[in-house]
Amino acid sequence: MRSRVEELAGIRESVLAGPSEKATAAQKAKGKLTVRERIGLLLDEGSFHEVEPLRRHRATGFGLEAKRPYTDGVVTGWGTVEGRTVFVYAHDFRIFGGALGEAHATKIHKIMDMAIAAGAPLVSLNDGAGARIQEGVSALAGYGGIFQRNTKASGVIPQISVMLGPCAGGAAYSPALTDFVFMVRETSQMFITGPDVVKAVTGEEISQNGLGGADVHAETSGVCHFAYDDEETCLEEVRYLLSLLPRNNRENPPTVPCDDPAGRRCAALADLVPVDGNQPYDMAEVIEEIVDDGEYLEVHQRWARNIICALARLDGHVVGIVANQPQTLAGVLDIEASEKAARFVQLCDAFSVPIVTLLDVPGFLPGVGQEHGGIIRHGAKLLYAYCDATVPRISLILRKAYGGAYIVMDSRSIGADLTYAWPTNEIAVMGAEGAANVIFRRRIADAEDPEAVRAELVKEYKSELMHPYYAAERGLVDDVIDPAETREVLAKSLAMLQSKHAERPARKHGNPPQ
């Protein structure tokens, strides 16, 4: 027995060491950590329990039978993040370039099934070269099994993809099916067809990072939710995100003790937001003033910047915040902003995260490009997401709330549980100037001094239909509040709504706009 145990210890030591010092040196030369260093940064120290570390492939041909390393290029298992169970699989680029073969895929399938059964988050650390060509269609079938499980787990457990190397072809679709995608600048890329194929087909020359690097996906495509300069920071932020999410859809997000008083007055808000609706300001500063200790995690920070989607805490409880950003495009809704906010609302609803919506929206972005691009269809995604959400929903109107954009941004009429407004609110079909031009077109045209008449009629329209209490008088706003009381009002309202229960209609699933 002792000799067998010694043999096992030797095997385990070789598994932990990896394929060779040369392969490890090559990994380090690219500025990348090894697979076990990454897992060590992600999980609590000493908590990782590996599954199938001795797995080896059974493929033959093309020299594979002579090269059968342990783990087969992927490390799988579970551990804890801040004491809560998390499942993980991580590609080892030192073995077959992290490429997926049959045994490799089977290990991933197993750990995904375990995560779903246990009701715990799944994190994938991606650093693989796609399908293992030597294994042919078996490798492709392995990807199919991953995609099927990603879809099965969607809305059931949080799924986080961390891109730490190249991810090409069909392999890019698994991260796209998950809830969040993290990327590291310079070292991680995602694309369906690489630069060589692009050049051969279209004649366009482009680098890997230019085609599918972290900045491209964080700013242009919207594929990446978070981008960081190094792996250490990236994995630390993954841990922070996990601390804000429940383990599964049957639990509420974790609550933490809060030293920031729920009744703290936010006197600074009166100075942060100008009364003049045409003056921009930074909505991020408003959010910082309201949430616990000014801390929040913004999702898709660099894509569709005219809307903010963030996870934060109010009185120790996790909330999702959707807010127009007047600093960018005056905070209008466009195609990308609608898509960004819609998916975030769906995520919050799936994982029992209450939603607070901060409105300062002048409408939808006009233009031929937006109309031809399907702003109706894309805007309807956000409308559908809000209407379908059953979590507690509170909206707060800071200044402008015009037209269809007001309705879409979780208005009382589409099911917001509570709607508040500041004394600076302007809720209307459109701005006073535009409304006066439509309603009093002939009167203005026939006037001796059209500009003076227009100014007088704009003033009249504002006083009649756009004063701060017009919507409250008609029951479309629950209360008009002092901005300094915003944090207290939101915290008390969320506490009341904690036990909210909404019945869904009997159906297989809805058919949301695409």
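Because the structure is predicted, anything quoted here is derived from the model rather than measured.
A donor-acceptor pair shorter than 3.5 Å cannot be found between the side chains of Thr419 and Asp478. For His501 and Glu503, the side-chain atoms include at least one donor-acceptor pair closer than 3.5 Å. In the model, Thr80 has a side-chain atom that pairs as donor or acceptor with a side-chain atom of Asp44 under 3.5 Å. For Ser493 and Tyr420, the side-chain atoms include at least one donor-acceptor pair closer than 3.5 Å. Remark: the Thr24 side chain and the Arg94 side chain contain an N/O donor-acceptor pair separated by less than 3.5 Å. For the residue pair Thr178 and Ser161, a side-chain donor N or O sits within less than 3.5 Å of a side-chain acceptor on the partner. Counted by atom type alone, Asp127 and Gln27 present one or more donor-acceptor pairs between their side chains at under 3.5 Å.
Taking a 6.0 Å sphere around CZ of Arg149, one finds it holds more than 12 heavy atoms contributed by other residues, nucleotides or ligands. By the neighbour-count criterion of 12 heavy atoms within 6.0 Å, atom CG of Leu16 is densely surrounded, having more than that number from other residues, nucleotides or ligands. Heavy-atom neighbours of Phe48 CZ from other residues, nucleotides or ligands within 6.0 Å: above the threshold of 12. Within 6.0 Å of NZ on Lys152 lie no more than 12 heavy atoms contributed by other residues, nucleotides or ligands.
With Asp410 contributing its side chain and Val408 its backbone, the two residues share no donor-acceptor pair below 3.5 Å. Thr187 places no side-chain N or O within donor-acceptor distance of the main-chain N or O of Gly165, the cut-off being under 3.5 Å. Asp479 places no side-chain N or O within donor-acceptor distance of the main-chain N or O of Ile481, the cut-off being under 3.5 Å. Asp315 places no side-chain N or O within 3.5 Å of a backbone atom of Ala491 that could act as its donor or acceptor partner. Counting only distance, with no hydrogens or angles, the side chain of Ser221 and the backbone of Val223 share a donor-acceptor pair below 3.5 Å.
When each of Asp360, Asn425, Asn324 is checked for a side-chain hydrogen bond (donor to acceptor under 3.5 Å, both in side chains) with Arg399, only Asp360 meets the rule. Only one option out of Arg264, Arg313, Arg487, His317 pairs with Asp292 in a side-chain hydrogen bond (donor to acceptor under 3.5 Å, both in side chains); it is Arg487.
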**Request:** Dump the intermediate steps for salt bridge (Lys or Arg N to Asp or Glu O under 4.0 Å) on Lys107 and Asp72, then the final yes or no.
**Result:** CA-CA 9 Å; Lys107 288 181 65 175; Asp72 200 46; over 6 Å; no

**Request:** In sequence, state the C-alpha distance, the side-chain angles, and the governing distance for Arg305 and His300, and then conclude on side-chain contact (heavy atoms from CB on, under 4.5 Å).
**Result:** CA-CA 8 Å; Arg305 297 188 183 190; His300 269 144; over 6 Å; no

**Prompt:** Does the pair Arg265 and Asp482 meet the rule for a salt bridge (Lys or Arg N to Asp or Glu O under 4.0 Å), with working shown?
**Reply:** CA-CA 10 Å; Arg265 289 182 61 82; Asp482 180 349; 3.5 Å; yes

**Request:** Report the C-alpha separation of Val299 and Phe344 in whole Å, then their side-chain angles, then the decisive distance to 0.1 Å, and conclude whether the side-chain contact (heavy atoms from CB on, under 4.5 Å) test is met.
**Result:** CA-CA 8 Å; Val299 179; Phe344 183 74; 4.0 Å; yes

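When the side chain to side chain donor-acceptor pair (under 3.5 Å) test is applied to Arg377, no partner is found at least two apart in sequence or on another chain. In this structure Trp422 satisfies the ring-ring contact (aromatic ring centres under 6.0 Å, His included) test with no other residue, sequence neighbours excluded.
Residue pairs meeting the salt bridge (Lys or Arg N to Asp or Glu O under 4.0 Å) criterion with at least one member in residues 319-339, sequence neighbours excluded, are Glu339-Lys381.
Between the OG1 atom of Thr233 and the OH atom of Tyr240 there is a distance of 15.0 Å, given to the nearest 0.5 Å. Annotation: the span from Leu125 atom CG to Ile160 atom CD1 amounts to 10.5 Å, rounded to 0.5 Å. In this structure, OG1 in Thr357 is found 8.5 Å from CD1 in Ile307, a value given to the nearest 0.5 Å.
Both tests pass for Lys32 against the ring of Phe93: distance under 6.0 Å to the centre and angle within 45° of the axis.
Comment: Lys28 engages Glu37 in a salt bridge, judged by a side-chain N to carboxylate O separation of less than 4.0 angstrom. Look at Arg302 and Asp215 and you find a salt bridge, because one of the NZ, NE, NH1 or NH2 atoms lies within 4.0 Å of a carboxylate O, short of that distance.
Side-chain contact check for Val162 versus Cys234: some heavy-atom pair is nearer than 4.5 Å. Between Val361 and Leu333, some side-chain heavy-atom pair lies under the 4.5 Å cut-off. With a 4.5 Å cut-off on side-chain heavy atoms, Lys340 and Cys309 count as touching. Asp388 is listed as a side-chain neighbour of Arg504, based on a closest heavy-atom distance under 4.5 Å.
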